[in-house]
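In what follows, a single structure is set out as structure tokens and then discussed.
Proteins come first, then strands; the chains are lettered A, B, ... in the order of their sequence lines, and each starts at number 1.
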Protein chains: 2
Amino acid sequence: MNFQSALINFPLMNLKQLAQNLGLSQTTVSRALNGYPEVSEATRRKVREAAEAHNYRPNTRAKSLATGRAMSIGHVVPVSSKHEMVNPIFSDFISGAGEEYARAGYDLLLSVVADSDHERVYRDIATRQIVDGLIVHAPTLTDSRIPILQGLDIPFVVHGRSSGITSPYNWLDVNNRRAFERATGLLLDLGHRRIALLNGLASMDFAHRRCDGYKRALLDRNIPIDPDLIAHDEMTENYGYEAARRMMSAVDRPTAFVVSSIIPAIGVRRAILDAGLVFGRDVSIVIHDDDLSYFRNAGDVPLFTAVRSSVRQAGQRAAAMLLEIIRRRDEGHGSDAPVQFLMEAELTIGQSTGPLVTTVPNARA
Amino acid sequence: MNFQSALINFPLMNLKQLAQNLGLSQTTVSRALNGYPEVSEATRRKVREAAEAHNYRPNTRAKSLATGRAMSIGHVVPVSSKHEMVNPIFSDFISGAGEEYARAGYDLLLSVVADSDHERVYRDIATRQIVDGLIVHAPTLTDSRIPILQGLDIPFVVHGRSSGITSPYNWLDVNNRRAFERATGLLLDLGHRRIALLNGLASMDFAHRRCDGYKRALLDRNIPIDPDLIAHDEMTENYGYEAARRMMSAVDRPTAFVVSSIIPAIGVRRAILDAGLVFGRDVSIVIHDDDLSYFRNAGDVPLFTAVRSSVRQAGQRAAAMLLEIIRRRDEGHGSDAPVQFLMEAELTIGQSTGPLVTTVPNARA
DNA sequence: CAGCGTAGTCAAAGCGCTTTGGAGTATTTG
DNA sequence: CAAATACTCCAAAGCGCTTTGACTACGCTG
């Protein structure tokens, strides 16, 4: 041990020792620190000072065991088994949620798990009683985790929804269908007819809803749906690039794209420029913008026209919902009605959209 | 409670009940499940089956309290106080680390904390004894967290280094200096003389080392360092765009960029194309590539020439190191020598670099 | 047949905290 | 002045698990 560290080294204190030091009982010390009224202000002050001086903090494990509250929330983030990818939106979502937890004194337990293992891990975390509640990420169309958690009687909030699950549960979602209907509608208003959709993985519920909105907008104007103009995949930059390149090399190339995230949209832009076309004139793009902190689509006229909904804010709200549900449950307000929250995406016009250019030059293959 | 959930509802079992059900003592059941030798195979089988049937899992809090091991590792990820940003490399780092933890039966405790609060939170987590070890992210030049943790006598591994700390500690880092010396050297070899550096935040230790490597390469060839060609900031796409645009509008614009991450590099590319210049010909770029899963800089000839080092792998290694340190400590092998691991970045040539074009056309301002 | 090792089991203590149910003083009240 | 009423404080139980130390039954050795 070196000099520097010795200087600030505190022996780890526990309640018993602290009480002994003060000549008080553990009870009194505990109550003093936890703000119970039946201890005099004088003693409380003395106890607080001693605790501060000795750098005392209650052992969380013991506290949890005694109170029955873990004071922590579980997040299980899926990592695509094939590609070992973690969607960057989790950074922002968790940053929002984490802020809320910190405020309320909760910790955040993170499990990074291959999506094939989800059921097991959720059941595991819940039955080990290591958390007071869970956030369910990236629900699929009929997500098996939801009935499992319902059966385990642990509070949880789903970020997104699962169309195939009919029984009520707590969720927070963006109105994906409407967002994509509007995005597509905007392009239709600009005269575009060949509109492509670069969506997320087909198994995801959000992708399904987005596709729905897109199709609805087209059918609304009697425009047939061309399956060649719809792609589903992990939303990487490269996916955007490759899919756009492929579609644009076709004879009847799309004049516009609706893209599920800014990341593949960056790839689409690359493909457009590579093809010698003018971004926002020859080809229009509307994206769904999660307002990721490292990809702020900002400025007076942002780069991309977008339906925007901050995923960071979603994290914050979802966390707040969950904490509220836990609070209510602790106070014995029984199993209330499920809490559900639908956020509307906000449309902002950027540089990536313009009216259809009538003489469509074909892309260089 | 609906029908579906009732079907899979298990009442939460504890050791005592399970033991009672089996007509055995808690001791025996505990030992049977934990693989102790002094229990007969017949009983062990019976116990295992009963545990399985009742979906029994030991309460982690109680187990931790009894064993003194939290079986979890803490990560404190900094969120820039000004911009509420979480660096996307954490997704990948944590995904790598999480895999290692899962394998070893550890949980991951995540705190998302404004960087101003770091000291408090580290001290807090350590003294609350909620984790068995910590990973320190994003160390600054002289990082105060390191002496604090040394004083608290809790195992930790730093991802990166802190040049100002002289006492030994465990770390895992990329050879940033050499990587950037090579990157800059490559551009010099191609004839470039006006080479800009778009770095991360100046307070970060890695940024300092990278800057060092860059300067060393230049000075090695007697090229003076132009402070106007060096920028430090949060590594967003927009930062890359704005910084590159500003630099390229100068009379003596840079002909090449060394960029600390693929994300601002995407912005640099945008600025280049916006200026009507040809990427990889009029302006060259070498990036540091963290091999982020959503930004694979791959392909036969990747988009960017890069010094690459997978941050996911770094997470995995750092986690493995920490677990090993904890294991050794548990086994009483005292305070061994610190574990330190330096990864070398790998140079790959992409489309973003080419020899200096002698007649430099000035960018449109 | 006394003595002993061994395999299998158990009761009870303990991890560090909270919380229940008093108990001992000091202060008011009838 | 006795009794009721705060006001402080405490001993001990309990949270669900692991682990120590002992105990029983059995087969074996000498």
Side-chain angles (χ1 to χ4, degrees), chain A residues 11-48 50-51 54-72 105 107 124 126-132 330, chain B residues 11-48 50-51 54-72 105 107 124 126-132 330:
Chain A
L12 235 44
M13 266 273 162
N14 61 19
L15 228 209
K16 197 168 165 186
Q17 291 168 34
L18 190 64
Q20 243 155 19
N21 275 1
L22 282 158
L24 288 170
S25 75
Q26 295 190 40
T27 313
T28 305
V29 176
S30 170
R31 307 211 119 143
L33 292 173
N34 291 321
Y36 280 67
E38 54 272 72
V39 44
S40 75
E41 273 315 311
T43 9
R44 190 191 304 282
R45 203 169 36 75
K46 247 180 291 177
V47 170
R48 284 231 172 98
H54 293 98
N55 197 34
Y56 169 76
R57 275 174 197 68
N59 179 314
T60 311
R61 312 193 284 249
K63 186 165 183 165
S64 284
L65 184 57
T67 57
R69 304 180 212 303
M71 293 307 281
S72 79
D107 292 314
D124 209 67
T127 51
R128 277 163 56 212
Q129 299 175 71
I130 200 174
V131 298
D132 299 316
D330 279 358
Chain B
L12 235 45
M13 266 274 163
N14 61 21
L15 228 210
K16 197 170 166 185
Q17 290 169 35
L18 190 65
Q20 241 155 22
N21 275 2
L22 283 158
L24 288 170
S25 75
Q26 295 189 38
T27 312
T28 305
V29 177
S30 170
R31 307 212 119 143
L33 292 174
N34 290 322
Y36 281 66
E38 56 269 74
V39 45
S40 75
E41 273 315 311
T43 5
R44 191 191 303 282
R45 204 169 35 74
K46 248 181 290 175
V47 171
R48 284 234 172 96
H54 293 100
N55 198 36
Y56 169 76
R57 277 173 195 68
N59 179 315
T60 310
R61 311 193 286 246
K63 187 166 182 163
S64 283
L65 184 57
T67 57
R69 304 181 211 303
M71 294 307 282
S72 79
D107 292 314
D124 209 69
T127 51
R128 278 162 57 214
Q129 297 175 71
I130 200 174
V131 298
D132 299 316
D330 279 358

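For the pair A/Tyr36 and C/dT19, the criterion of a side-chain N or O lying under 4.0 Å from OP1 or OP2 is met. At least one side-chain nitrogen or oxygen of A/Thr28 sits closer than 4.0 Å to the OP1 or OP2 atom of D/dC10. The phosphate of C/dT19 (OP1 or OP2) has no side-chain N or O of A/Ser30 nearer than 4.0 angstrom.
Atom CG in B/Asn14 sits roughly 10 Å away from atom C1' in D/dC15 (whole-Å rounding). Atoms CZ (A/Arg128) and P (D/dG16) sit 17 Å apart, rounded to a whole Å. Put simply, CE on A/Met13 is 16 Å from C1' on C/dC17, counting in whole angstrom units. Rounding to whole angstrom units, CG of residue B/Asn34 and P of D/dC17 are separated by 11 Å. For the pair B/Leu15 CG and D/dC17 C1', the interatomic distance rounds to 6 Å; values are reported in whole Å. The distance from atom CD of B/Glu38 to atom C1' of C/dG5 is 16 Å, rounded to the nearest whole Å. When rounded to the nearest whole Å, the span between CD of B/Gln26 and C1' of C/dA13 equals 12 Å. Per the geometry, NZ belonging to B/Lys16 stands 15 Å off P belonging to C/dA13, to the nearest Å.
Fit an axis to the five pairs at each end of the helix from C/dC1-D/dG30 to C/dG30-D/dC1 and the two axes sit 60° apart, to the nearest 10 degrees.
In the set C/dT9, D/dC9, D/dC17, D/dC9 carries the atom at the smallest distance from any side-chain atom of A/Ser40. Each of D/dC9, D/dT18, C/dC17 was ranked by its minimum atom distance to the side chain of A/Leu24; first place goes to D/dC9. Side chain of B/Arg31, nearest nucleotide from C/dT19, D/dT20, D/dC17: D/dT20.
Within the model, atoms CD of B/Gln26 and CD of B/Gln20 stand 8.5 Å from one another, a figure rounded to the nearest 0.5 Å. Between the NZ atom in A/Lys63 and the CZ atom in A/Arg57 there is a gap of 12.0 Å [rounded to 0.5 Å]. Considering CD1 of B/Ile130 and CG of B/Asp107, their distance stands at 10.5 Å, rounded to 0.5 Å.
Remark: A/Asn21 pairs with no residue by the side-chain hydrogen bond (donor to acceptor under 3.5 Å, both in side chains) rule, at least two apart or across chains.
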_Please evaluate residues A/His54 and A/Leu18 with respect to the criterion side chain to side chain contact (heavy atoms under 4.5 Å, CB included), reporting the C-alpha separation (whole Å), side-chain torsions for both, the decisive distance (0.1 Å), and the verdict._
CA-CA 8 Å; A/His54 293 98; A/Leu18 190 64; 4.0 Å; yes
*Passes side chain to side chain contact (heavy atoms under 4.5 Å, CB included), B/Leu15 versus B/Ser30? Steps please.*
CA-CA 7 Å; B/Leu15 228 210; B/Ser30 170; 4.1 Å; yes
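Looking at B/Thr27, its side chain comes within 3.5 Å of the base of D/dT19 through a donor and an acceptor atom.
Between A/Ala32 and A/Arg48, the shortest heavy-atom contact is O-NH2, 4.1 Å.
Of the N and O atoms on the side chains of A/Ser64 and B/Arg61, not one donor lies less than 3.5 Å from an acceptor on the other residue. B/Ser25 and B/Thr28 form a side-chain donor-acceptor contact under 3.5 Å, judged by distance and modelled atom types alone.
A 4.5 Å side-chain heavy-atom check between B/Tyr56 and B/Leu12 finds every atom pair outside the cut-off.
Using a 4.0 Å heavy-atom distance criterion, B/Gln129 is classed as making no nucleic acid contact.
For residues 59-71 of chain B, proximity to DNA chain D is found at B/Asn59, B/Ala62, B/Lys63, B/Ala66, B/Thr67, defined as any non-hydrogen atom under 4.0 angstrom from a strand atom.
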